[in-house]
Amino acid sequence: MAGGMLPLGEWLPFLFLWRLLLSAAVEGFSLSLPAPQNLTIKSYNFQNVLRWSPVKGINGPVFYSVQRRFRYSDRTWEKVNCIDIMKPECDFESIKDFYGIILRVRAEESNLKSEWTETRLFVALEDTIIGPPRAINVTSAANSIIISFLPPFEKRSNFSSFVYTIYWENSKNVSLTMNTVYRLKDLKERTTYCFRIQASLNDLKGEKSGIYCAKTTITEGTRILHCILIFGFVFSILTSLFLLLITIRKYPDKIKSFWQPPPTIPSHYEEDLNDSQMITIEEFQSAAGEDPWDIISITSKAEDDKILTSFASEHS
């Protein structure tokens, strides 16, 4: 043909091949988003949450879709309540808690899609964490303690009954089935006891509760005995006071002499009074009434004796 142009019929194979290559490129580009990573499942009291690491988008926000299938079913996947979500987590319910399920997540941005990422096998009855019993209440009685509580969560119809274990310092652990009220009996009076409670479901043991303590009171017999002892003590005190008053009124002198002994002369004064050289009070008083002396003479003891002898001779 003129100008070296190929006929249209000869271009058709090239156009078809170009279309195939373009479709393959577009299809390959649609799977260019990275697949979600780090898938984890956290389950507490059968409240299940699937989380994963966020995927960075290319031109806009990234959405996620979650699907599941049962372990014993075929390869058919079914949707869960997490479709076109932006948050990298999904709250899901395990319909058959006795059987395992597998979940998978895919990231999407407009026409771009990532590969699916699957989780490990999840069995709710084996992998969930059972919390401690709720609303624990303790009431102290005379020599006993009453414990009441609620299950960790409302029991489902396909579950068997909870089994509760009370751990306390008596080391005789108590197991309860379908009973959330228990009385610890024959305890010591006015003694503090501490305990913890754990719930179990089948072979799955739950978390233990915090430590709760209560102090027992006294029995009615002990209370009456205390009243009698107090009354007897008060009566004895009053009787003793009455007898003491009668004694005081009957023997006042003896009691006074007992509480107030006769006065005594201090030792240093007593030594001075016993000294022969000390002048008595009478001498001071007689000397005070006489005329004052003009001449004072001092004589010895021998001269005094001579004077006394002469005086005696003259008057004999």
Side-chain angles (χ1 to χ4, degrees), residues 36-54 64-73 77-83 85-106 116-138 147-182 184 193-214:
Q37 301 296 323
N38 302 321
L39 275 64
T40 58
I41 298 176
K42 300 295 183 181
S43 180
Y44 190 82
N45 286 340
F46 295 93
Q47 301 296 319
N48 313 313
V49 180
L50 171 64
R51 293 186 176 92
W52 58 89
S53 299
Y64 305 97
S65 295
V66 181
Q67 295 180 353
R68 70 180 174 191
R69 70 178 179 87
F70 294 102
R71 173 172 54 180
Y72 296 112
S73 67
W77 292 90
E78 61 181 30
K79 297 179 180 179
V80 296
N81 57 331
C82 300
I83 301 175
I85 59 174
M86 298 185 65
K87 192 175 181 179
E89 68 176 43
C90 174
D91 298 341
F92 67 95
E93 180 181 3
S94 180
I95 299 177
K96 298 179 179 179
D97 298 289
F98 291 96
Y99 305 100
I101 62 172
I102 299 175
L103 295 98
R104 66 178 185 177
V105 184
R106 181 175 68 180
W116 291 96
T117 303
E118 296 184 4
T119 65
R120 62 174 179 82
L121 180 67
F122 171 74
V123 183
L125 196 58
E126 298 176 359
D127 297 330
T128 194
I129 297 175
I130 297 179
R134 301 170 294 146
I136 298 176
N137 185 40
V138 181
I147 306 170
S148 62
F149 50 90
L150 294 177
F153 57 91
E154 295 299 327
K155 188 182 65 174
R156 302 185 184 185
S157 59
N158 58 338
F159 287 161
S160 58
S161 300
F162 284 104
V163 175
Y164 304 100
T165 304
I166 300 177
Y167 300 90
W168 63 307
E169 59 190 59
N170 199 27
S171 72
K172 295 180 181 179
N173 301 328
V174 180
S175 295
L176 308 176
T177 303
M178 298 181 61
N179 189 7
T180 58
V181 179
Y182 186 76
L184 300 174
Y193 293 89
C194 298
F195 55 88
R196 307 177 74 178
I197 307 176
Q198 181 185 44
S200 302
L201 190 61
N202 294 347
D203 295 331
L204 186 62
K205 294 185 178 297
E207 297 177 328
K208 293 181 180 179
S209 68
I211 299 176
Y212 289 80
C213 298

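Predicted, not measured: the structure shown is a model, and the values here were computed from it.
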Under 3.5 Å, which donor-acceptor pairs do the side chains of residues 204-212 form with other protein atoms, sequence neighbours left out?
| residue | atom | partner | partner atom | Å |
| --- | --- | --- | --- | --- |
| Glu207 | OE1 | Tyr44 | OH | 3.1 |
| Ser209 | OG | Ile197 | N | 2.9 |
| Ser209 | OG | Ile197 | O | 3.4 |

From [atom1] ([X]) to [atom2] ([Y]), nearest 0.5 Å:
X	Y	atom1	atom2	result
Leu103	Ile41	CG	CD1	5.0 Å
Phe162	Asn202	CZ	CG	9.5 Å
Leu121	Phe70	CG	CZ	12.0 Å
Ile129	Gln47	CD1	CD	13.0 Å
Tyr193	Ile147	OH	CD1	12.5 Å
Ile85	Tyr64	CD1	OH	8.5 Å

Residue list, salt bridge (charged side-chain N to carboxylate O under 4.0 Å, His left out) with Arg106, at least two apart or on another chain:
Glu108

Pairing residues for Phe92 by the ring pair (Phe, Tyr, Trp, His ring centres under 6.0 Å) criterion, not counting sequence neighbours:
Phe122

Test ring pair (Phe, Tyr, Trp, His ring centres under 6.0 Å) applied to Phe149 - qualifying residues, sequence neighbours left out:
Tyr164

Residues in side-chain hydrogen bond (donor to acceptor under 3.5 Å, both in side chains) contact with [X], at least two apart in sequence or another chain:
X	answer
Asn38	Ser53
Thr128	Ser43
Arg104	Gln67

Residues that Thr165 engages under side-chain contact (heavy atoms from CB on, under 4.5 Å), provided they are two or more places apart:
Tyr167, Asn173, Ser175

Does Arg51 have any side-chain contact (heavy atoms from CB on, under 4.5 Å) partners at least two apart in sequence or in another chain, and if so, which?
Thr40, Lys42, Val49, Glu89

Which pair of non-hydrogen atoms, one from Ala199 and one from Ile130, has the smallest distance, and what is that distance?
O-CG2, 4.4 Å

With a 4.5 Å cut-off on side-chain heavy atoms, are [Y] and [X] touching?
X	Y	result
Trp52	Thr117	no
Asp127	Arg120	yes
Trp77	Ile102	yes

Worked verdict on Ile166 versus Leu176 for side chain to side chain contact (heavy atoms under 4.5 Å, CB included):
CA-CA 8 Å; Ile166 300 177; Leu176 308 176; 4.0 Å; yes

For the pair Leu125 and Asp203, evaluate side chain to side chain contact (heavy atoms under 4.5 Å, CB included) and give the outcome as yes or no after the intermediate values.
CA-CA 9 Å; Leu125 196 58; Asp203 295 331; over 6 Å; no

Where do Asp91 and Asn48 land on the side chain to side chain contact (heavy atoms under 4.5 Å, CB included) test, with the steps shown first?
CA-CA 6 Å; Asp91 298 341; Asn48 313 313; over 6 Å; no

Using modelled atom types only, decide if a donor and an acceptor are shared between the side chain of Arg134 and the backbone of Pro152 within a distance under 3.5 Å.
yes

Assess the residue pair Val80 and Cys90 against the criterion (side chain to side chain contact (heavy atoms under 4.5 Å, CB included)); give the C-alpha distance rounded to whole Å, side-chain angles, the decisive distance to 0.1 Å, and a yes or no.
CA-CA 9 Å; Val80 296; Cys90 174; 4.2 Å; yes

Determine, stepwise, if the pair Arg68 / Glu78 fulfils salt bridge (charged side-chain N to carboxylate O under 4.0 Å, His left out).
CA-CA 6 Å; Arg68 70 180 174 191; Glu78 61 181 30; 3.1 Å; yes

